[in-house]
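Note that the coordinates shown come from a computational prediction; the quantities given were computed from them, not determined experimentally.
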Protein chains: 2
Amino acid sequence: MTSLIATGRPDSRLAALLDKGVPSMAIQDDKSVANRLFFRLFQASNILQKQTVGQVGLSTVQWAVLGALSRKGYEDGISFNQLTEYLIVSRQNLDGVLKRLERDDHVKRIPHPDDKRARLILLTDKGRAFWESLQPKIHEFYAQGLANFTFDETVSLLHYLNKFQKDLEAIAMQEAPNAEREES
Amino acid sequence: MTSLIATGRPDSRLAALLDKGVPSMAIQDDKSVANRLFFRLFQASNILQKQTVGQVGLSTVQWAVLGALSRKGYEDGISFNQLTEYLIVSRQNLDGVLKRLERDDHVKRIPHPDDKRARLILLTDKGRAFWESLQPKIHEFYAQGLANFTFDETVSLLHYLNKFQKDLEAIAMQEAPNAEREES
DNA sequence: AAATAAAAGACAATGTATTGACATAAAATT
DNA sequence: AATTTTATGTCAATACATTGTCTTTTATTT
């Protein structure tokens with residue numbers, strides 16, 4: 001019931017699959033390819049988490065937070081809210097991560113000068129030095145993770161991921177419309 | 001010190017970047033592209049988590065577990081250990097996830113007939129029915145997430161992710177060799 | 001056969017991620 | 001100006017993920 005083998009698609013697509021090295025037994029239809037793609041992203045993310053901890057010594061969130069704060073132009077901090085949007089993590093999640101980074105004296109939160117509700121997050125001197133000290137490990141990690149990628153292939157993968165992310169992000173927008181009408 | 005602008009690379013690579021729609025200001029060197037790729041994977045994974053919960057009503061792990069158990073040929077179960085390897089999650093993590101799925105009566109663990117240490121994991125009838133009932137939502141989710149992808153583009157992204165995962169997985173192998181010599 | 005080592009998986013502690021709830025401050029409405 | 005609504009960040013409860021530890025069983029070595 002759930003496996004439709006033949007869907008009357010032209011052979012060119014099959015040929016493309018075979019060109020890419022996909023085992024012919026695995027080829028069924030669009031749904032199968034989509035399922036494989038989503039599952040592969042799930043697996044790849046799991047490996048990325050494990051290897052980042054193993055090779056760099058940070059969780060992926062911490063790596064992302066420190067990387068975001070160390071960017072040029074953010075020496076005076078970035079607002080908590082902007083940071084959640086940049087990293088695509090919930091406020092509540094970021095709060096916990098920052099708590100632990102503050103405990104280790106790697107980041108600090110200060111009141112926002114223009115908005116008494118808001119906070120600015122920035123690296124401490126210790127945090128900046130720590131981040132700098134990790135750079136060799138991190139670049140070595142990048143290099144190993146892309147060992148068999150040409151420059152052009154890396155750019156292509158990045159391009160597709162950008163595109164995929166945009167599509168994924170757009171989904172939830174559709175069910176917002178009914179948030180407007182409560183009563184007449 | 002951390003930003004090397006010119007690296008003497010031929011123009012063809014720059015052209016390739018511009019072809020892909022990468023803003024020219026962002027182009028620096030291989031390290032920058034690698035950093036962007038890893039960060040994009042981090043972001044994409046975060047979005048995938050959120051959207052899976054929102055659209056399907058399951059966490060990504062639960063989606064992956066139920067999907068794995070519902071595969072044809074696994075009606076009689078899969079060993080706990082095989083399942084951790086397939087999903088690329090730790091034994092300890094899977095244990096907790098299975099506990100909650102057992103609590104909801106979606107999966108069960110039974111003793112392995114050939115190995116008294118091991119367990120077989122399988123769907124309950126309720127779990128299988130539940131999974132089947134989710135299929136429309138899931139396929140709709142796949143379709144929306146790949147709304148702007150042609151079939152060939154989807155296959156290309158899948159191909160690159162496969163390749164990237166393989167590179168990432170290979171990293172830790174290098175530091176294993178010293179596990180053999182304790183004493184003479 | 002006895003001792004040792006290794007594999008399987010369960011438990012505990014901590015970090016990461018989600019939702020729900022709350023207090024405060026800013027913006028919008030009246 | 002006073003009220004209502006919205007935005008920002010924090011706290012609490014639960015789920016997910018990692019490392020370390022332990023018990024039981026199997027495999028290996030002697």
Option from A/Gln51, A/Gln49, A/Lys50 for which side chain to side chain donor-acceptor pair (under 3.5 Å) with A/Thr60 holds: A/Gln49

List for me each residue that meets ring pair (Phe, Tyr, Trp, His ring centres under 6.0 Å) alongside B/Phe38, sequence neighbours excluded, and say none if there are none. A/Phe141, A/Tyr142, B/Phe164

Any side-chain heavy-atom pair from A/Lys163 and B/Asn148 closer than 4.5 angstrom? yes

CD1/A/Ile88 to CG/A/Leu83 distance, rounded to the nearest 0.5 angstrom? 12.0 Å

Spacing of A/Gln49 atom CD relative to C/dT16 atom P, expressed in whole Å: 10 Å

What is the distance from CD1 of B/Ile121 to C1' of C/dA10, rounded to the nearest Å? 12 Å

Passing candidate, side-chain contact (heavy atoms from CB on, under 4.5 Å) with A/Leu101, options A/Val107, A/Thr124, A/Ile121, A/Leu123: A/Val107

Can you name the atoms? Protein N/O to nucleotides 3-7 of chain C N/O, anything below 3.5 Å, with the distance.
from	atom 1	to	atom 2	distance (Å)
C/dA7	N3	B/Arg117	NH1	3.0

Side chains of A/Ile110 and A/Arg119: closer than 4.5 Å at any heavy-atom pair? no

In chain order, what residues pass the salt bridge (charged side-chain N to carboxylate O under 4.0 Å, His left out) check against B/Arg100, with sequence neighbours excluded? none

In whole Å, what is the span from the CZ atom of A/Arg119 to the P atom of C/dT24? 12 Å

In whole Å, what is the span from the CG atom of B/Asp114 to the P atom of C/dG9? 13 Å

Nucleotide range of DNA chain D contacted by chain A, 5' to 3', under 4.0 Å to a heavy atom? D/dA7 to D/dT18

Within residues 99-113 of chain B, the residues having a heavy atom closer than 4.0 Å to DNA chain C are B/Lys99, B/Arg109

Within this structure, what is the CG-to-C1' distance between B/Leu98 and C/dC11, rounded to whole angstrom? 15 Å

Can you name the atoms? Protein N/O to nucleotides 19-21 of chain C N/O, anything below 3.5 Å, with the distance.
from	atom 1	to	atom 2	distance (Å)
C/dG20	O6	A/Gln92	NE2	3.0

Residues which pass side chain to side chain contact (heavy atoms under 4.5 Å, CB included) with B/Thr154, listed by chain and number, not counting sequence neighbours: A/Val33, A/Leu37, B/Leu146, B/Phe149

Nearest-nucleotide wise, let me know which of A/Asp115 and B/Ser79 is further upstream toward the 5' end of DNA chain C. B/Ser79

Side chains of A/Val65 and A/Leu87, heavy atoms from C-beta outward: is any pair under 4.5 Å? yes

Most 5' of A/Phe42 and A/Asp95 on DNA chain D, judged by nearest nucleotide: A/Asp95

Ring pair (Phe, Tyr, Trp, His ring centres under 6.0 Å): which pairs involve residues 67-99 of chain B, sequence neighbours left out? A/Phe39-B/Tyr86

Do B/Gln144 and B/Gln55 make a side-chain contact, defined as non-hydrogen atoms from C-beta onward lying under 4.5 Å apart? yes

Not counting sequence neighbours, which residues clear salt bridge (charged side-chain N to carboxylate O under 4.0 Å, His left out) with B/Arg91? List them please. none

With the side chain counted from C-beta on, respond yes when A/Pro136 and A/Glu140 share a heavy-atom pair under 4.5 Å apart, and no when they do not. no

Just to be sure I understand the geometry, which residues of residues 58-67 of chain A put a non-hydrogen atom under 4.0 Å away from DNA chain C? A/Ser59, A/Val61, A/Gln62

Please identify each residue that fulfils side chain to side chain contact (heavy atoms under 4.5 Å, CB included) with B/Lys166, with sequence neighbours left out. none

Closest to the side chain of A/Lys116, out of C/dT18, C/dA8, C/dA25, is C/dA25

Kindly write out the residues that satisfy salt bridge (charged side-chain N to carboxylate O under 4.0 Å, His left out) with A/Arg109, not counting sequence neighbours, or none if the list is empty. A/Asp95, A/Glu102

Walk me through it: do A/Asn81 and A/Glu85 pass the test side chain to side chain contact (heavy atoms under 4.5 Å, CB included)? CA-CA 6 Å; A/Asn81 203 36; A/Glu85 287 172 5; 3.9 Å; yes

Which nucleotide in C/dA17, C/dA10, C/dA25 has an atom nearest any side-chain atom of A/Val97: C/dA17

